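Computed from a predicted structure; not experimentally measured.
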Amino acid sequence: METKSDLTKRGFFSNLLRKIFPPRDSSPHNGAAKNRNLVGQRIRTIRMEKHWTQNRLAKELQSAGLNKSRVAVARIEAQMVHVYDYQLLFIAKVLGVAPLDLFPKTQVNGNLHEEVTWLKKLRKACASIGRRHTTNRGSKSCLR
């Protein structure tokens, strides 16, 4: 049977280990990586060009057969979740664009690895300078 001092020691060491090795989850509040997709910014841009809210896009996706909530749409746009290929087809259809239009524009003869790396660095830089400024008409992002 453990004594009170044993429990205190275990709690102390558990806290110490948590400080040294913080838990890794996808919570946006602990600075977790947010670059889980490349299409989020284009989806946001196209949605805003149509003057749609995230709620409207979610309802349109639901009526097309893809069960996504407003929160799920927000997480896609913030690049916090992976987007499956079949989801891209639904999103493109609802927004009225070709699936390839959801991806960032790249150079035909360019180095794709360098361009993706640059997009990720730009995304991280935007996040560090306060990337979104909310207005009454929605949010504006640093990437367009």
Side-chain angles (χ1 to χ4, degrees), residues 2 6-144:
E2 294 181 314
D6 290 337
L7 292 174
T8 306
K9 287 178 187 174
R10 188 168 17 142
F12 170 77
F13 287 113
S14 295
N15 288 334
L16 182 63
L17 284 174
R18 264 190 234 115
K19 288 179 183 176
I20 296 171
F21 303 106
R24 297 182 66 194
D25 65 358
S26 60
S27 171
H29 304 293
N30 70 355
K34 295 182 184 177
N35 293 320
R36 304 250 167 111
N37 69 60
L38 292 174
V39 296
Q41 291 295 320
R42 282 291 296 152
I43 291 171
R44 177 186 299 272
T45 302
I46 296 167
R47 175 184 60 79
M48 291 179 71
E49 287 172 357
K50 294 175 134 324
H51 303 289
W52 284 8
T53 62
Q54 289 176 340
N55 198 34
R56 171 139 184 224
L57 178 56
K59 287 181 180 180
E60 294 288 335
L61 288 170
Q62 289 169 3
S63 66
L66 183 64
N67 190 16
K68 291 289 177 190
S69 65
R70 187 210 58 83
V71 174
V73 169
R75 290 174 57 86
I76 289 170
E77 289 182 354
Q79 298 175 314
M80 295 171 64
V81 294
H82 296 285
V83 181
Y84 295 105
D85 50 2
Y86 72 91
Q87 293 173 332
L88 286 176
L89 295 175
F90 277 100
I91 294 168
K93 180 179 179 183
V94 165
L95 291 174
V97 297
L100 286 178
D101 291 338
L102 297 177
F103 288 93
K105 304 298 180 225
T106 59
Q107 299 293 326
V108 176
N109 295 330
N111 183 338
L112 187 58
H113 182 268
E114 288 177 7
E115 291 187 36
V116 171
T117 304
W118 178 81
L119 285 169
K120 287 182 178 182
K121 284 181 183 177
L122 183 60
R123 166 87 169 128
K124 196 178 281 189
C126 289
S128 68
I129 60 171
R131 157 178 189 272
R132 288 192 186 91
H133 305 286
T134 304
T135 65
N136 290 340
R137 296 183 182 187
S139 60
K140 298 179 180 178
S141 71
C142 141
L143 293 175
R144 295 266 173 170

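No donor-acceptor pair closer than 3.5 Å links the side chain of Asn37 to the backbone N or O of Met80. Arg47 contributes a side-chain N or O that, together with a main-chain N or O of Trp52, makes up a donor-acceptor pair within less than 3.5 Å. The main-chain N or O of Ala58 is never found under 3.5 Å from a side-chain atom of Arg70 such that the two would form a donor-acceptor pair.
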>> Would Thr53 and Arg56 count as a side-chain contact (heavy atoms from CB on, under 4.5 Å) here? Give the steps.
In response: CA-CA 5 Å; Thr53 62; Arg56 171 139 184 224; 3.5 Å; yes
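Atom CZ of Arg75 is separated from atom CD of Glu77 by 13.0 Å, given to the nearest 0.5 angstrom. Here the straight-line distance linking atom CG of Leu89 with atom NZ of Lys93 works out to 10.0 Å at 0.5 Å rounding. Separating the CG atom in Leu102 from the CD atom in Gln87 is a distance of 12.0 Å, to the nearest 0.5 Å. One finds the CD atom of Glu49 at 10.0 Å from the CG atom of Leu95 (value rounded to the nearest 0.5 Å).
In this pair, Tyr86 and Phe90 present their aromatic rings perpendicular. The plane angle is above 60°, beyond the 30 to 60° band.
Side chains of Val83 and Ile43 form no contact here, defined as non-hydrogen atoms less than 4.5 Å apart.
Remark: His82 pairs with Arg36 by the side-chain contact (heavy atoms from CB on, under 4.5 Å) rule, at least two apart or across chains.
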Side-chain polar contacts of residues 59-69 - donor-acceptor pairs under 3.5 angstrom, sequence neighbours left out - could you list them?
| from | atom 1 | to | atom 2 | distance (Å) |
| --- | --- | --- | --- | --- |
| Gln62 | NE2 | Lys68 | O | 2.8 |
| Ser63 | OG | Lys59 | O | 3.4 |
| Ser63 | OG | Glu60 | O | 2.9 |
| Ser69 | OG | Val71 | N | 3.4 |
| Ser69 | OG | Ala72 | N | 3.2 |

